[in-house]
Peer 1: 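Let me begin by handing over the structure; questions about it come next.
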Amino acid sequence: MSDGLNYKFLVDTFFVALSGVPITLFVTAVALLVALPLGFLLALTRINQIPILNTFSQVYVSFVRGTPIIIQIFIVYASVPLILTAITEKYNWNIKIYDINPIWYAFIVFSFSTTAILIEVFRSALSTVSKGQLEAAQAVGLTNFQAYRRIVIPQALVVALPNICTATVNLIKATSLGYAMSLQEITLKAKVAANVGYNYVEAYLDIFLVYIILCSLVEYGFKLYEKRLRKYQYVSS
Amino acid sequence: MLEIKDIHKSFGKNEILKGVDLTIDKGDVVVILGPSGSGKTTLLRCINFLEKADSGKAAFGELQVDLHSASKKDIHAIRQKTAFVFQSYNLFNNKTALENVTEGLITGRKVPKTEANEIGKKALDKVGLSDKYDSYPSQLSGGQQQRVGIARAVALNPDIILFDEPTSALDPELVGEVLTVMKNIANEGTTMLVVTHEMSFAKDVAKRVIFMDGGVVVEEGTPHEIFVSPKEERTKKFLKRVLPEDYTFYI
Amino acid sequence: MLEIKDIHKSFGKNEILKGVDLTIDKGDVVVILGPSGSGKTTLLRCINFLEKADSGKAAFGELQVDLHSASKKDIHAIRQKTAFVFQSYNLFNNKTALENVTEGLITGRKVPKTEANEIGKKALDKVGLSDKYDSYPSQLSGGQQQRVGIARAVALNPDIILFDEPTSALDPELVGEVLTVMKNIANEGTTMLVVTHEMSFAKDVAKRVIFMDGGVVVEEGTPHEIFVSPKEERTKKFLKRVLPEDYTFYI
Amino acid sequence: MSNMEKYFDASYIWSSFPALLPFLKITFLVAGLSIIFGTFFGLILASMKLGKNKVARKVANFYTTILRCTPSIVLLFLVYYGVPSIADNFGIYLHDIDTAVFVVITFTLQFAAIMSEVIRSAYESIEKGQFEAAVSVGLSPFQAYRRIIFPQALVVALPNFGNGMIALLQEGSLAYTIGLIDVVGKANLIIAANYNTHALEIFIALAIIYWILSILIEKGFGKLEKMFSKGKQTIKAT
Amino acid sequence: SSGGASTSSEDEDVRKVKVAYDQASKPISWLDDKGNATGYDVEVMKLVDELLPEYEFEYVGTTSDDLLIGVEQGKYQVGVKNAFWTEERTAKFIFPQEFLGLSSAGLVLKKENEHIKTLADFASAGFSLAPIAANNAQYTIIAEYNDANPDNPVKLEAGDAFTVDVVQWVNEGRVGGGVIIEGPFQKQVLEEDGPYYNLKDEVVYNEFAVIKTWPLFNKKEQEFADAYDKAIKQLKEDKKTNELSTEYYGRDLFEVLDNVNR
Ligand SMILES: Nc1ncnc2c1ncn2[C@@H]1O[C@H](COP(=O)(O)OP(=O)(O)OP(=O)(O)O)[C@@H](O)[C@H]1O
Ligand SMILES: Nc1ncnc2c1ncn2[C@@H]1O[C@H](COP(=O)(O)OP(=O)(O)OP(=O)(O)O)[C@@H](O)[C@H]1O
Ligand SMILES: [Mg+2]
Ligand SMILES: [Mg+2]
């Protein structure tokens, strides 16, 4: 701004932005909790070419990858209530769709998009585990399920982890679009604060800082975890 | 002990196994030779149901199964009676040597952990890896890895061990150690079906040698019969390519 | 022809080459043997400046260079006089067999394209690949790829060809074809420095055999001297591990 | 389904296409420029990452980390409002510059970060042996890069480049927030012209447009990859 | 560009100014199908331009966020977006002496909630309110009400104007009510070709205030603001603003000017 930055506001609003972190993390966590297992199962349907589910996953992934998340948000936010009311009216359920907290829309949108990303992540991770691992497991008498649980998944997870990290960071960033659904996350909180005195530049600087701190921490956490999982890959010689 | 009858197997239009018969008696070591693509690996994989044959029968002692339509239960039963040593080792990358050996016992057969560990350590001792219990595959040389692969098979105490070119992914210097281990367990009376290019092993250890080509058994006999006086033209041609020029001198 | 004096090379704290001397006369074939990690590859790479030695001198005929501080021009000149055949072939994946062979001629030496193609085809014919001019590396078997690698070296008409375990990445069955090609070009009088584990090649073709271990030349002599009556304990131990037990019988 | 009928009228989807499609021009222009500049800048970053200079490597990695952690919308606002006000401090007047310029700057910065990783990993995927073989047959290092390394790295980079482009196109959809009238901005106007009603249908039309675009890009890059990857096809199992 | 007369634009005395307007706020101001700026606020400014031969207006459509920041930074000399007067804004902008127009703000409610007339009624009923964009003055007005009535506040949430379709939300029951300007309500629901004409018997508009709207001038534009004051005074005397109010809002809001206290 021509009259320079308002440093007091900059500092105050940093904490306002910070107060949006729990919501951001909450949405991120829920989306991951839904997307990790679902993405994995759908990845298996892709790898094993299970007829209908395979096609479904393919179209699903293509749609989510092919459309901007902001438009997915618009669509879900506008259509889900309509569809739900249509359903509840049809069956005469007495459910108040509209008491739904906007965070539920965030859960839906972000689980939806993260699942699609993770399908691809798991698909490529699973394909890096050589078929020989599965065969060796079968040959020593493990069932398919045991083989996956004890041999294939632990190895795929290590390969997938950096990509899961990227997906998580992207998810955290994407929640910044939650403002379109009135989600009280980092960006919206800071923007509302900025509104009072029109200190938008300061507010966005704060948002910027909070995201960098948040994402760096998340990345660091993933790195540590990956190191632990990877212990079997270290060659000592 | 193991009897295979008339295995057929195609991949798409390619018929790879065109009716192979095979009999192995208890305690025998049988070596399969043959040029690349002749179906040796496929045969072994069909026996262990890693590949589903198109048709064929197998008898493991009492147990009779159809190789195409065996039930899950039968497949499981046969896998309990057999063990497989892979060309590329296929050790579980995320498990230590000992865990590799005990995995099948603990998870597959529900052997208690302490007991399984004892069996596993004994098996690793037998292949000369007493000091490598806790090493991960990535920390082992190729020869050591393959020895873990053999220990993994031995620990299961199977009726028969199937070997698919167990030394061909190894550096020449490391081949010896693995062959030595294989000779030792053969001498203990383990039944073995071995696909290999190691002629000295076939010569020294095999009870019978089977020469396959184009999906059929071309010739079969003692090592001496096959190496010194092969009957079939195809066998002669193959041996000429594979053996050192002056090999016959020293056999 | 080629004379190397006192090469030293360390990676970090690891001294890999501890003063190696080497002389090769025109038309000679010299084979280097030695256990894994003894520095054979490093020696070859230093000669071709793929690795910069810490110290050492080389004389290629008239041309004298310091292996540590050679100028770009000298390096280029020496690379024109040498050719390298890699263990893992290192064919240019984006070029056909013929283009692989002509690339160095056309781009490196500015030979006109038609002339280069003629030279290239002749070289490929010599290694038995007359029908593979237009195949990409991915369409060739390992043996064929390595033969292209050799043709690529031969086409440059170098003073000396350096081979680094040219057959050790090959399936056993494919080794023969490559060794045959190498014997042929050796018989044509090409100067060759060959790192290999193929004892029969060393025995049949080498003028001299050099045994390296731990970064120094341990022993050097004719194949008969080295294989039948090695003087050094280390040489004996190594040969015992590498040769078939009864090898000495047939040499 | 009374609610659905009241609010959802598919004819809005179809009728919005003719109004939206001309604005793809803007979308493409902005994306295209960002891709060109971003690739160039990404190349510089990648060479910093691959080079021997430690400081340059640190700087390039730091840049990538920061950009990876910044939501596009935040970056967009920072550039749009931050750059002119910083320039103000130096007495440079940037307020007359078209919105699209700031959008291009933003997405150039972002695409450069993506591309630097794409280029770096493509380069690193080519084995060292290719370079060594090239110099051993007498090519100069520059010739080796140009004739052997680059053509192969290009093939490796293509799919990731395509993915980056799709991602960029999507991030670009946020430019409406600073008033750029691209295809999303136009959708915004259409919705406003309908007094904020029937937004869902317009969003669906937008989604369809983007979806088709991304499929086309994917297909196009698949074709390109095939074209460039001569010699990469593997033989059917022996 | 300024109306008809001053085509000889090279005149040294003519100053070009940028007038920012919210391009997606029909009927107050919007960018129409043909790419022209129009709406009540814009049309008034066009008339102002005609009366100020020493200025030439250039209309720049943008978002309301950008309008506020842009005017403050000096990218635009003036901005119109149905802006209300708030204390905070006086620190950032020049408010001229004369307001630009009037805006009827009200609540959209379901027919059965017709009895709710004021924000206090609304708060007491415990209804939820459709989200309002954080930088919209409607937000400030509700926030001010809440500050004044801490024991009976309205549930206020910030959101994005792009995604909130107030009439639909109220009718669906997604929210208990929403704040809307009368003009849009008129066009959506009450006119026969309005998109929600079918809802005319299901939702009602209850005005809770008529509020003056202002052009926001950049802090350095006092002179320009004074010029504007002169011109708009003239227009009001000529009843031009009344005509435009009728044209764009379906009602001459100047009739109730006496009751306007903000
Ligand atoms: N999963 C598969 N799908 C299609 N073809 C296959 C498959 N597995 C093997 N084949 C084909 O079957 C043929 C026989 O393969 P197999 O691996 O049994 O030969 P092999 O005798 O073991 O050869 P090698 O000595 O090279 O291991 C080969 O031509 C191979 O291409
Ligand atoms: N670029 C490098 N950086 C660090 N150490 C290296 C490098 N290249 C080789 N070495 C080390 O140098 C030693 C000798 O390597 P070299 O490849 O010359 O051996 P070699 O005799 O060719 O062995 P092999 O028969 O296995 O090919 C090895 O211990 C290796 O780990
Ligand atoms: Mg095989
Ligand atoms: Mg070597």
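We use all heavy atoms of the structure for the numbers below, so side chains are in, but hydrogens, waters and symmetry mates are not. Chain letters run A, B, ... following the sequence lines, proteins first and then strands; every chain starts at 1.
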Peer 1: Please classify the contact of E/Y76 with chain D as side chain, backbone, both or neither, using a heavy-atom distance under 4.5 Å.
Peer 2: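 Just its side chain gets close to chain D.
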
Peer 1: So does D/A192 get a backbone contact from the side chain of E/K26, meaning a donor-acceptor N/O pair under 3.5 Å?
Peer 2: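 Absent.
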
Peer 1: Taking side chain as everything from C-beta outward and backbone as N, CA, C, O, which of these in D/T99 sits under 4.5 Å from a heavy atom of chain E? Side chain, backbone, both or neither.
Peer 2: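 Neither; nothing under 4.5 Å.
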
Peer 1: Looking only at non-hydrogen atoms, find the nearest pair between E/Q23 and D/I181 and report the distance.
Peer 2: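 What the structure gives for the nearest pair is OE1-CD1, 3.5 Å.
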
Peer 1: Give a yes or no on this: more than 12 heavy atoms of other residues, nucleotides or ligands lie within 6.0 Å of atom CD of E/E112.
Peer 2: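 Atom CD in E/E112 is crowded, with more than 12 foreign heavy atoms closer than 6.0 Å.
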
Peer 1: Quick check on D/K25: does its NZ atom have over 12 non-hydrogen neighbours (other residues, nucleotides or ligands) under 6.0 Å away?
Peer 2: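 Incorrect, the count does not exceed 12.
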
Peer 1: How about OH on D/Y123, more than 12 heavy atoms from neighbouring residues, nucleotides or ligands closer than 6.0 Å, or not?
Peer 2: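 No, because the 6.0 Å sphere around OH of D/Y123 holds 12 heavy atoms or fewer from other groups.
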
Peer 1: Minimum heavy-atom separation for E/T63 to D/Y176, with atom names?
Peer 2: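 Taking E/T63 first and D/Y176 second, the nearest heavy atoms are CG2-O, 3.4 Å.
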
Peer 1: Could you tell me which of D/T177, D/N194, D/I190 has the largest number of non-hydrogen atom pairs under 4.5 Å with chain E?
Peer 2: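 Looking at each of D/T177, D/N194, D/I190 in turn, D/T177 comes out on top.
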
Peer 1: For the residue pair D/G179 and E/T62, what are the closest heavy atoms and their distance?
Peer 2: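 In this case the closest contact between D/G179 and E/T62 is CA-OG1, 4.2 Å.
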
Peer 1: Should we count CZ of D/F40 as having more than 12 external heavy atoms under 6.0 Å?
Peer 2: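 No, CZ of D/F40 has 12 or fewer neighbouring heavy atoms, counting only those of other groups under 6.0 Å.
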
Peer 1: When rounded to the nearest 0.5 angstrom, what distance separates CD1 in E/I69 from CZ in D/F77?
Peer 2: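 The CZ atom of D/F77 is 6.5 Å from CD1 of E/I69, to the nearest 0.5 Å.
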
Peer 1: Kindly compute the distance separating NZ (E/K75) from OH (D/Y80), expressed to the nearest 0.5 Å.
Peer 2: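 E/K75 atom NZ to D/Y80 atom OH measures 2.5 Å (nearest 0.5 Å).
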
